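Report on the following structure.
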Amino acid sequence: MLLAVSPVVQAKGLSGDLEIFSWWAGDEGPALQALIDKYNEENPGVKVINATVTGGSGVNAKAVLKTRMLGGEPPDSFQVHAGQELIGTWVEADRMEDLTPLFKEQGWMDVFPEGLIKNIGTKDGIWSVPVNIHRSNVIWYSPEKLQEWGVQPPATWDEFFAVAPELQEKGIVPLALAQNWTANHLWESVALASMGPEKWDALWAGELAFDSAEGVAAWELFGKVLEYTNKDASSLSWQQATDMVVDGRAAFNVMGDWAAGYMSTTKKLVPGSGFGWAASPGTTGEFMFLADSFGLPKGVKNRDNAMAWLAILGSREGSDAFNPLKGSISARKDSELGLYNNYGKSAAVDFSKNIIVGSLAHGVTANEGFMNDFASVMEMFLKSRNAETAAKAAQQIAVKNGISK
Ligand code: GAL
């Protein structure tokens, strides 16, 4: 006898609310809105509550989310980075639903790269739906301004150090920086350049100590790079650091490719002429990735509505509506590249050819515990500039958070 299996995603007639939680507010909102519009088209009876908490890389949102999750008031679905931020935090705490039935029903098992499915899965299940692939290690510039100043985008940090003093003499900030988390963001690109992809992976596998010679060297190089950044960094948002480059107050900025989304979608600049990019110095041929994803917490109020939301996020149409606006590429293997601008097209080529490593600042390599502790180590380094001490402190938090022995 065949048993009728009820579908994971209900076909029609959904009603009530759907609360989605993310940090994509303001300038970061248009891509999310494209997904919400698609959801509304298919589910006109559902009222979407777009709960956002401003603050780049989720600095504020993650704290609010934690309070809600622990207080038994989870949103119906929330933004979380693929990797340890999801697995080592919410999955480990047994707060998420297994989405394997959804993946099977939607035919997603072969659609997302195997490596990415590993980042969102454990032996017990698949825990979120990825909406994109962002690149962390990108250096941004204005081609027009660089030409005016007679400067080339640096392929290595030594090339950067060779031009940075000249830029300073002209009153231009060589490298724009913003608040604390963007220092973590810069650190990971500098550390990758300093130690290379194999040792970067070894750090997170617990095979290379954070206070090894390589670990210390990364902080030393980072300290040198910081000498060419703006003094008011801690009071700026990442968008304001990007603006410094666009306005010609700074020559370069190392930021994830949401900056491409900001410059093309919000600032209406044309990739290639309005803004230029390259792999951050010393990381050519390497792609430091992160992926935004949405999961389904246990015990939500509107489970069916949330399932329908997740189905749209994972769909080809949903992904290709979202990513061209966001500056990221689709996490799916079958995306319609014709819909992407030249930045997106070049990122897709690099993603298919480069050595792929995971981002620390955006949740791939370490859990929330480490991330929070690392922010304190960074604060300390920004004040003391002592590489040895920072490397030792990083090793201590790696042990505390189960990365190193
Ligand atoms: C990252 C996130 C990106 C973007 C960025 C700036 O953590 O993955 O999608 O939102 O923060 O807020």
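Heavy atoms only: backbone and side chains are in, while hydrogens, waters and symmetry mates are out. The structure displayed is predicted, hence computed values, not measured ones. Start at 1 and go down the list; that is how both ligands and their atoms are numbered. Nothing fancy with the numbering, it's 1 onward along the sequence.
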Contacting atoms of ligand 1, where contact means under 4.0 angstrom from a heavy atom of Lys326 =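 Listed by number with element: 3 (C), 4 (C), 9 (O), 10 (O).
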query = Counting from 1, what ligand 1 atoms have a heavy atom of His81 closer than 4.0 Å?
reply =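 Once the distances to His81 are compared, the set is 1 (C), 2 (C), 7 (O), 8 (O).
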Considering both backbone and side-chain atoms of [X], is one of its nitrogen or oxygen atoms within less than 3.5 Å of a nitrogen or oxygen in ligand 1?
X: Ser57; result: yes
X: Asn132; result: no
X: Trp181; result: no

key: Shortest protein contact, atom 6 (C) of ligand 1 (heavy atom only)   =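 Heavy-atom neighbour on the protein nearest atom 6 (C) of ligand 1: Glu28 OE2, 3.3 Å.
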query = How close does the nearest protein non-hydrogen atom get to atom 1 (C) of ligand 1, and which residue and atom is it?
reply =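 Minimum-distance protein heavy atom for atom 1 (C) of ligand 1 reads His362 ND1, 3.4 Å.
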task = Could you please spell out the steps behind the ring-ring contact (aromatic ring centres under 6.0 Å, His included) verdict for Phe21 and Phe294?
result = CA-CA 9 Å; Phe21 184 88; Phe294 280 78; 9.7 Å; no
message = Please determine whether a side-chain nitrogen of the Lys or Arg among Asp243 and Arg249 lies less than 4.0 Å from a carboxylate oxygen of the Asp or Glu.
response =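 Between Arg249 and Asp243 there is no salt bridge, as every charged N stays at least 4.0 Å from the carboxylate O atoms.
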inquiry  = Under 6.0 Å from the ring centre and within 45 degrees of the ring axis: does the NZ or CZ of Lys333 meet both conditions for the six-membered ring of Phe112?
reply    = no
query = Do we see a donor-acceptor contact under 3.5 Å between the side chains of Thr52 and Trp23?
reply = no
key: Derivation and outcome, ring-ring contact (aromatic ring centres under 6.0 Å, His included), residues Trp277 and Phe252   = CA-CA 9 Å; Trp277 64 90; Phe252 302 106; over 10 Å; no
